[in-house]
Protein chains: 2
Amino acid sequence: MSAIPIYRLEERHPQAQACAACEVRSSALFGVLDDAGLDRIHTQIAALTLAPDTPVYDRGTAGLAVYTIRSGLVRFERSNARGDRRIVRIAGRGDLIGQEALLQRPYADEAVACTELQLCRIPRTLVDQLAQGRDSLPRELMLRWQQALDAAESWVSDLSTGPARRRLLQLLQRLALHADAADQIWLPRRDEIGAMLDMTLETASRLVSQMRREGVLELLPGRSAQLDRPALQRALQQEDDT
Amino acid sequence: MSAIPIYRLEERHPQAQACAACEVRSSALFGVLDDAGLDRIHTQIAALTLAPDTPVYDRGTAGLAVYTIRSGLVRFERSNARGDRRIVRIAGRGDLIGQEALLQRPYADEAVACTELQLCRIPRTLVDQLAQGRDSLPRELMLRWQQALDAAESWVSDLSTGPARRRLLQLLQRLALHADAADQIWLPRRDEIGAMLDMTLETASRLVSQMRREGVLELLPGRSAQLDRPALQRALQQEDDT
DNA sequence: CGAGCCGTTGAGGGGATTCAAGCTCAGTGG
DNA sequence: CCACTGAGCTTGAATCCCCTCAACGGCTCG
């Protein structure tokens, strides 16, 4: 027989026992909570088990929960305009996934189980409750972090995928987001383009020249360039069908 | 003459005026603060201007501040074991950079000005003060976010850089982090390896076979494999010198 | 004016893709 | 029981894209 009094056994929700015994608890999100804290939250947390290749969540759907990985691997997938999907990250035991949900944002990737997967599902409202953020600074901070994460992941799926010409076009499109009033963009040195797109500076140079001949770009003195946005869009379009 | 009483003009710190007039204020980290709030913090915030190609901070140094970008572009660089550096992200106007500092962690990348750059330097202690986090949940959350960001950026610099063989070795090393007790790893399908490393499934297959012949891997039934860690380390080492 | 950085362009070779065929193996139904 | 099927993996041959090595021109700066 267990040493725990019988009324305690009955009183405690089965999930509370699971949480108290959880192997990843100390490294997990709520590791800082004590047993009493666990008692308050356990009823809202659900333990899930998923088979390999089943989705945890889909990109774009409204996120209502985050998940802690208790065992197994998860991969994050994105597909670009050309239609080919790219795996941009994996997460494993102890990692927290789907954090976009805390910002009431749609999930940024499709998350799929690699192996058999054991998860704890934590509703957004529960985290809100515990954070009790009257002051909105943490939220602002989290927003920044998520934006950085999103930028890093789309760097993989857009700028590190496919043939060199397409990667350069994607880069130009991204630089265009920071263009000034006259549609002038900052154009990196050729070796910097190489470091961004994983190509040699010669290849970068050839492609930039090609863009110039096609009228997408016009080089200006001082590391800047005039961009013809419609031409860029047309070129990108052409890359994406086929 | 201004409508502001002269004593107010003198009373207000010059930085407070700069903050109040800031063009990116509404989209910036402290956008939620009102004028009174600004009055409390302005003395600690410094406006900086950097020339192109000057570093904002270095990878690995202890972070004491975060920065808001008021104008210009910043690139984040990493160099891998082979010595070639890769740009893994860029940030622009309104973005917050160096958030690792809030967790008292070293900066994860080298941040360098692309263009002329205008920044606001915000000390970590100031953010702490405003967040007043006795409760450590926000910190835990931020930690998770930073881990995800770090994983995404090293995905670029490790798994999306260099020749196919090296990329696969890097992937194996990463999968080895999630190995079970007997050093068995989850081995993705060939097309999944392709989606991770941006190569065709045929190339992935050829390389996996090559690893098998070299004794780095032993294929096991059910999408798993036995890994010879020393052999893997040797193979990676060999890739990295030359 | 020579040195050095940056960019451009060419020639040749190599690594990855493309297209294709054949293999193993699990599941299915005659 | 076994042909049949389809998914996943492997391997070959030809092609092509990109890298490597190289030479050269414009430009700034000491």
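Please read these numbers as outputs of a predicted model, since none were measured by experiment. Numbers restart at 1 for each chain; the letters A, B, ... are given by sequence-line order, proteins then strands.
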Just the dot-bracket of DNA chain D, please: which string comes out with Watson-Crick or G-U pairs under 3.5 Å, [ ] for crossing, | for another strand? ||||||||||||||||..||||||||||||
In this structure, how many angstroms lie between the C1' atom of D/dC18 and the CE atom of B/Met199, rounded? 15 Å
Does the side chain of A/Leu175 reach to within under 4.5 Å of the side chain of A/Pro188, using non-hydrogen atoms? yes
Separation of B/Asp53 atom CG from C/dC6 atom P, in whole Å? 9 Å
Using the salt bridge (Lys or Arg N to Asp or Glu O under 4.0 Å) criterion, which residues pair with B/Arg190? Sequence neighbours excluded. none
Side chain to side chain donor-acceptor pair (under 3.5 Å) with A/Gln99: which residues, sequence neighbours excluded? none
Taking the side chain as everything from C-beta on, heavy atoms only, tell me whether A/Thr161 gets closer than 4.5 Å to A/Arg78. no
With B/Arg144, which residues qualify under salt bridge (Lys or Arg N to Asp or Glu O under 4.0 Å), at least two apart? B/Glu140
All N/O pairs under 3.5 Å across the protein-nucleotides 7-9 of chain C interface:
unit_1, atom_1, unit_2, atom_2, d
C/dG7, OP2, A/Arg190, N, 3.1
C/dT8, OP2, A/Arg190, NE, 2.8
C/dT8, OP2, A/Ser205, OG, 3.0
C/dT8, O5', A/Ser205, OG, 3.4
C/dT9, OP2, A/Ser209, OG, 3.0

Within the 4.5 Å heavy-atom criterion, are B/Leu217 and B/Leu227 side-chain neighbours or not? yes
Value in whole Å for how far the C1' atom of D/dC17 lies from CD of A/Glu239: 13 Å
Would you call B/Asp158 and B/Arg86 a salt bridge, using N to O less than 4.0 angstrom? no
Would you mind writing out the side-chain donor-acceptor pairs for residues 194-210 of chain A within the sub-3.5 Å range, not counting sequence neighbours?
unit_1, atom_1, unit_2, atom_2, d
A/Asp198, OD2, B/Gly162, N, 3.2
A/Thr200, OG1, A/Thr203, N, 3.3
A/Thr200, OG1, A/Thr203, OG1, 3.0
A/Ser209, OG, A/Ser205, O, 3.0
A/Ser209, OG, A/Arg212, NH2, 3.4
A/Gln210, NE2, A/Glu214, OE2, 3.4

ring-ring contact (aromatic ring centres under 6.0 Å, His included): which pairs involve residues 155-212 of chain B, sequence neighbours left out? none
Under 4.0 Å between a side-chain N/O of A/Thr200 and OP1 or OP2 of D/dC18, yes or no? no
Rounded distance in Å - CG (A/Leu168) to C1' (D/dC18): 14 Å
Specify the separation, in whole Å, of atom CE of B/Met211 and atom P of D/dT11. 13 Å
How long is the line joining CG of A/Leu207 and P of D/dC17, in whole Å? 12 Å
Contact check, side chains of A/Asp228 and A/Val216, non-hydrogen atoms, under 4.5 Å: no
Residues pairing under ring-ring contact (aromatic ring centres under 6.0 Å, His included) where one sits in residues 53-106 of chain A, two or more places apart or in two chains, turn out to be A/Tyr57-A/Tyr107
Please list residues of residues 157-167 of chain A whose heavy atoms come under 4.0 Å from any atom in DNA chain D, ordered by number; otherwise none. A/Pro163, A/Ala164
Pairwise N/O distances under 3.5 Å, protein to nucleotides 26-30 of chain D:
none

Can you name the salt bridge (Lys or Arg N to Asp or Glu O under 4.0 Å) partners of B/Arg89, sequence neighbours left out? B/Glu153
Go through the structure and list residues passing side-chain contact (heavy atoms from CB on, under 4.5 Å) with A/Glu77, not counting sequence neighbours. A/Arg75, A/Arg85, A/Ile87, A/Glu110, A/Val112
